[in-house]
Protein chains: 2
Amino acid sequence: MSTRREAVRQALSESTGFRSAQDLYADLRSEGSKIGLTTVYRALQALSDAGEVDVLRTSDGEAVYRACLTDTHHHHLVCRECGKAVEIEGPAVEKWAESIGVQHGFSDVTHTVEVFGTCASCAASAQSER
Amino acid sequence: MSTRREAVRQALSESTGFRSAQDLYADLRSEGSKIGLTTVYRALQALSDAGEVDVLRTSDGEAVYRACLTDTHHHHLVCRECGKAVEIEGPAVEKWAESIGVQHGFSDVTHTVEVFGTCASCAASAQSER
DNA sequence: GACGTTTTGACAACCATTTTCGTTTTCGGC
DNA sequence: GCCGAAAACGAAAATGGTTGTCAAAACGTC
């Protein structure tokens with residue numbers, strides 16, 4: 001495991017939310033690192049392939065990454081303001097998705113489930129801005 | 001409603017699956033239309049804003065669109081080979097997502113749920129290629 | 001038919017991501 | 001410690017989907 005990749009992994013784990021490659025690059029550079037953007041992308045790709053980080057796409061198509069605590073299958077509750085994310089599980093949803101697939105004759109059924117909302121602190125600060 | 005937008009809507013409704021803007025543009029051009037790519041994007045944007053088509057992002061960030069039969073909230077079971085999609089509902093999932101959000105103090109809770117699989121006909125043709 | 005408005009499409013601009021390629025670093029063996 | 005191969009790096013260029021710009025064309029109205 002290279003040093004650079006470790007740096008990316010750590011930068012990612014310092015956040016509880018989803019971060020984009022560009023974000024992480026900016027963070028690392030501002031800390032004084034001489035890392036290149038290419039390397040950030042490569043590291044994220046590798047971490048993603050290894051299943052060590054979760055990836056999802058924002059509504060404008062940008063890829064965002066998160067270092068999750070568990071390596072078992074799970075989903076996220078994501079704050080649409082600050083990006084903060086909570087890992088959630090839903091055994092019932094897993095079974096439902098599987099059975100829906102089977103009902104329609106689909107095989108190798110997988111699914112993506114993400115829940116979005118405004119977290120308590122973002123809701124509070126939005127309130128105070130009025 | 002302009003003629004061009006109508007053409008895009010129709011091209012989209014001729015497919016049961018999700019199509020990208022580039023796909024639709026190619027379809028229309030091959031039918032002899034002189035439509036421009038810009039206009040296809042504008043039409044899709046407008047249809048999407050109006051809630052007349054559903055949008056989602058492929059894993060590589062491309063936006064894909066589908067003309068759905070119902071205008072009520074629903075999800076999709078999508079074939080990862082041919083893109084064919086079936087509209088599905090899951091009241092239990094809706095409630096689950098809402099309650100998960102509330103449990104963690106999130107407000108304005110929404111969610112995205114997509115189920116992927118290989119449809120029967122794609123599975124069959126994959127089989128015959130062996 | 002003239003005129004203001006809306007729609008259109010060619011083209012350029014954007015921007016996240018990937019590729020290229022020459023350089024640097026790492027590492028096992030000596 | 002020294003060498004050479006292999007892996008990692010980073011700057012710059014390329015890619016590709018999507019959006020912005022702007023002048024021309026289509027439309028409706030009087």
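Naming: A, B, ... by sequence-line order, numbering from 1 per chain. Values reported hereafter were calculated over all heavy atoms of this structure, with side chains retained and with hydrogens, waters and symmetry mates removed.
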*Asks:* What's the closest nucleotide to the side chain of A:Gln45 if the choices are C:dT17, C:dT18, D:dT18?
*Replies:*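 Of the candidates, C:dT18 comes closest.
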*Asks:* Could you list the residues that satisfy side-chain hydrogen bond (donor to acceptor under 3.5 Å, both in side chains) with B:Glu87, not counting sequence neighbours?
*Replies:*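 By the side-chain hydrogen bond (donor to acceptor under 3.5 Å, both in side chains) rule, B:Glu87 matches B:Arg66.
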*Asks:* Rounded off to whole Å, could you give me the CD1-to-P distance for the B:Ile35 and C:dA10 pair?
*Replies:*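 Distance check: B:Ile35 CD1 to C:dA10 P gives 10 Å.
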*Asks:* Kindly say whether A:Asp108 contributes a backbone atom to a donor-acceptor pair with the side chain of B:Arg80 at under 3.5 angstrom?
*Replies:*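 Yes, B:Arg80 side chain to A:Asp108 backbone: donor-acceptor pair under 3.5 Å.
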*Asks:* Rounded to the nearest angstrom, tell me the gap between atom CD in A:Glu6 and atom P in D:dC9.
*Replies:*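 These atoms are roughly 11 Å apart.
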*Asks:* What's the CZ-P distance between A:Arg29 and D:dG10, to the nearest Å?
*Replies:*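 Going from CZ in A:Arg29 over to P in D:dG10 covers 8 Å.
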*Asks:* Tell me whether the side-chain N or O atoms of A:Thr38 pair up with the base of D:dA11 as donor and acceptor below 3.5 Å, since no angle test is needed here.
*Replies:*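 Result: at least one qualifying N/O pair found.
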*Asks:* Quick one: the side chain of B:Arg42 and the base of D:dG20, do they pair up donor-acceptor inside 3.5 Å?
*Replies:*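 Absent.
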*Asks:* May I ask you to decide whether A:Glu6 forms a salt bridge with A:Arg9, counting only side-chain N to carboxylate O separations under 4.0 Å?
*Replies:*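 Looking at A:Arg9 together with A:Glu6, the answer is yes, because their closest N to O distance falls below 4.0 Å.
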*Asks:* Within this structure, what is the CG-to-P distance between A:Leu28 and D:dG10, rounded to whole angstrom?
*Replies:*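 Value for this atom pair: 10 Å.
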*Asks:* Without decimals, in angstroms, what is the distance between B:Leu44 CG and D:dG17 P?
*Replies:*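 Interatomic distance, CG of B:Leu44 to P of D:dG17: 14 Å.
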*Asks:* Measure OH/B:Tyr25 against P/C:dT8 and give the value in whole Å, please.
*Replies:*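 Taking OH of B:Tyr25 and P of C:dT8, I get 15 Å after rounding.
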*Asks:* On a plain distance test, is the side chain of B:Arg4 in donor-acceptor contact with the base of C:dG9 below 3.5 Å?
*Replies:*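 Checked by distance alone, the answer is no.
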*Asks:* I want to check one thing: is the phosphate of D:dC9, taken as OP1 and OP2, less than 4.0 Å away from some side-chain N or O of A:Thr39?
*Replies:*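 The answer is no; no side-chain N or O of A:Thr39 sits under 4.0 Å from OP1 or OP2.
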*Asks:* I'd like to know if A:Ser20 reaches the base of C:dA16 with its side chain such that a donor and an acceptor end up less than 3.5 angstrom apart.
*Replies:*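 Check fails, no donor-acceptor contact within cut-off.
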*Asks:* Quick one: sort the B:His111 and B:His75 rings into parallel, tilted or perpendicular, breaks at 30° and 60°.
*Replies:*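 Ring orientation of B:His111 relative to B:His75: tilted.
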*Asks:* Please check the phosphate of D:dT18 (OP1 and OP2 only) for any side-chain N or O of B:Tyr41 closer than 4.0 Å.
*Replies:*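 So the side-chain polar atoms of B:Tyr41 do come within 4.0 Å of the phosphate oxygens OP1 or OP2 of D:dT18, strictly under.
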*Asks:* Let me see the working for B:Glu81 and B:Ser121 under side chain to side chain contact (heavy atoms under 4.5 Å, CB included), right down to the final yes or no.
*Replies:* CA-CA 10 Å; B:Glu81 296 298 326; B:Ser121 60; over 6 Å; no
*Asks:* Between P on D:dA7 and CZ on A:Arg5, what's the gap in Å once rounded to a whole number?
*Replies:*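 After rounding, the reported distance stands at 13 Å.
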*Asks:* In this structure, how many angstroms lie between the P atom of D:dT19 and the CD atom of B:Glu62, rounded?
*Replies:*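 The answer, rounded to whole Å, is 12 Å.
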